[in-house]
Amino acid sequence: MDPTTDNAGHTGDPGKARASLEALRAEIAKAVVGQDPAVTGLVVALLCRGHVLLEGVPGVAKTLLVRALASALELDTKRVQFTPDLMPSDVTGSLVYDTRTAEFSFQPGPVFTNLLLADEINRTPPKTQSSLLEAMEERQVTVDGTPRPLPDPFLVAATQNPVEYEGTYPLPEAQLDRFLLKLTIPLPSRQDEIDVLTRHAEGFNPRDLRAAGVRPVAGGADLEAARAAVAKTAISPEITAYVVDICRATRESPSLTLGVSPRGATALLATSRAWAWLTGRDYVIPDDVKALALPTLRHRVQLRPEAEMEGVTADSVINAILAHVPVPR
């Protein structure tokens with residue numbers, strides 16, 4: 001592939017692109033402490049043209065993580081705070097009457113951006129949640145019968161509180177399946193929490209990431225070069241069969257009422273490929289599949305009520321399946 005150059009002067013060289021995307025971790029770490037798996041997941045989603053759902057209790061830096069990613073990338077970003085009274089047109093845009101021309105003109109909503117931060121997406125009712133479905137799947141918005149394409153790249157990074165919290169609306173299965181990854185943001189370890197408080201005591205302001213030293217380290221050309229390189233990453237028939245066997249095993253699990261669909265199997269193959277390239281290989285191995293199985297599949301399965309009452313989780317079911325499905329040699 002011939003290197004290309006973006007407006008900021010970045011060249012689309014695959015080797016440089018990998019180095020730039022790896023540098024995102026160090027840049028985001030200037031603002032967010034101890035969330036490397038989530039950062040890696042966001043990078044994988046960018047490479048796969050997918051969307052990410054971040055789940056965690058309030059106050060674990062979900063929003064800060066996405067804002068830091070946007071600051072470390074030379075991409076346009078917008079944020080929507082989802083609330084119970086938010087309307088679909090507040091997300092997608094609407095027709096506005098122009099008194100000067102006596103005509104209706106389209107006013108784009110915040111979805112017309114490269115990186116959309118959908119904050120607390122499960123605080124808004126299903127009608128507004130579903131306004132993102134067409135944008136996430138078709139990468140366009142249709143208003144008054146006219147389809148309007150979204151920019152490329154386009155990624156939705158949605159945050160949500162655990163569904164047990166009061167005043168939340170669980171996302172419907174159809175929308176959950178549109179998210180490439182579901183990343184859980186845990187509470188920090190004791191040392192990480194000490195580091196967080198130390199930074200704040202020294203004057204860190206989460207609303208001013210520039211002052212924290214977060215700078216753009218990757219651009220659109222880097223992302224395009226990386227995506228082209230990921231598309232060339234080799235996948236053997238044995239690895240393809242391994243992915244299929246894992247997903248089929250979820251459909252046969254006695255703990256699940258809903259297993260992984262073929263769309264989920266395609267997603268696992270794509271994320272494994274991106275992870276293989278990020279780690280410096282041009283081919284996929286079983287460990288790549290295992291590394292991405294939980295974030296790619298955990299939101300695509302549904303537990304039986306009796307299994308849930310016994311303390312079974314989606315992660316424990318998937319881990320058990322990974323332990324039993326034969327690994328290709």
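Every value quoted in this text rests on a predicted model; they were computed, and no experiment measured them. For this chain, numbers begin at 1 and follow the sequence in order. Any value given below was found using the heavy atoms of this structure, including those in side chains, with hydrogens, waters and symmetry copies removed.
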Ion pair check, [X] and [Y], cut-off under 4.0 Å:
X    : Y    : answer
E224 : R49  : yes
R178 : E173 : no
R227 : D152 : yes

Under a 3.5 Å cutoff, is there a donor and acceptor pairing between the side chains of [X] and [Y]?
X    : Y    : answer
S130 : Q175 : no
K16  : S20  : yes
T279 : R281 : yes
Q160 : E120 : no
T124 : Q129 : no
D119 : T63  : yes
T313 : S316 : yes

Which distance, rounded to the nearest 0.5 Å, do you find between the [atom1] of [X] and the [atom2] of [Y]?
X    : Y    : atom1 : atom2 : answer
E310 : S255 : CD    : OG    : 8.0 Å
T184 : L54  : OG1   : CG    : 9.5 Å
T250 : R300 : OG1   : CZ    : 11.0 Å
M87  : K127 : CE    : NZ    : 5.0 Å
L115 : L155 : CG    : CG    : 5.5 Å
Q81  : I121 : CD    : CD1   : 11.5 Å

Joint cluster assignment, [X] & [Y], ILVMFWY side-chain distance < 4.5 Å:
X    : Y    : value
W277 : I285 : no
Y242 : V244 : no
V33  : L42  : no
V143 : V91  : yes
L24  : L64  : yes

Would E137 and L133 satisfy side chain to side chain contact (heavy atoms under 4.5 Å, CB included), going step by step from the backbone distance to the final call? CA-CA 6 Å; E137 183 66 19; L133 271 177; over 6 Å; no
Main-chain N/O of [Y] paired with [X] side-chain donor or acceptor, under 3.5 Å:
X    : Y    : result
H51  : F179 : no
T128 : L86  : yes
D192 : P188 : no
K62  : V57  : yes
T146 : T142 : no
R79  : L116 : no

Which pair of non-hydrogen atoms, one from [X] and one from [Y], has the smallest distance, and what is that distance?
X    : Y    : result
V80  : P110 : CG2-CG, 3.3 Å
A314 : V301 : CB-CG2, 3.7 Å
L132 : A118 : CD1-CB, 4.4 Å
G41  : L181 : O-CD1, 3.2 Å
N319 : L294 : OD1-CD1, 3.9 Å
D177 : S261 : OD2-OG, 3.7 Å

Test side chain to side chain contact (heavy atoms under 4.5 Å, CB included) on R273 and T233; report intermediate values, then the result. CA-CA 6 Å; R273 208 178 198 183; T233 303; 3.6 Å; yes
Enumerate the side chain to side chain donor-acceptor pair (under 3.5 Å) contacts for [range], please, sequence neighbours excluded, ordered by first and then second residue.
range            : value
residues 26-43   : R25-T40, E27-K30
residues 200-218 : none
residues 105-115 : D76-T113

Please determine if R148 forms a cation-pi arrangement with F106, meaning its NZ or CZ atom is less than 6.0 Å from the six-membered ring centre and no more than 45° off the ring axis. yes
If we only count heavy atoms from C-beta on, is the [X] to [Y] side-chain gap below 4.5 Å?
X    : Y    : value
V214 : I28  : no
L47  : L21  : yes
L180 : V52  : no
L117 : T159 : yes
T271 : L268 : yes
I246 : L297 : yes
P216 : S71  : no
E308 : V312 : no

Take L209 and R67, measure what side chain to side chain contact (heavy atoms under 4.5 Å, CB included) needs, and give me the verdict at the end. CA-CA 8 Å; L209 296 179; R67 289 181 52 242; 4.0 Å; yes
Around atom CZ of R199, are there more than 12 heavy atoms from other residues, nucleotides or ligands closer than 6.0 Å? yes
Derivation and outcome, side chain to side chain contact (heavy atoms under 4.5 Å, CB included), residues V39 and L69: CA-CA 8 Å; V39 174; L69 173 70; 5.9 Å; no
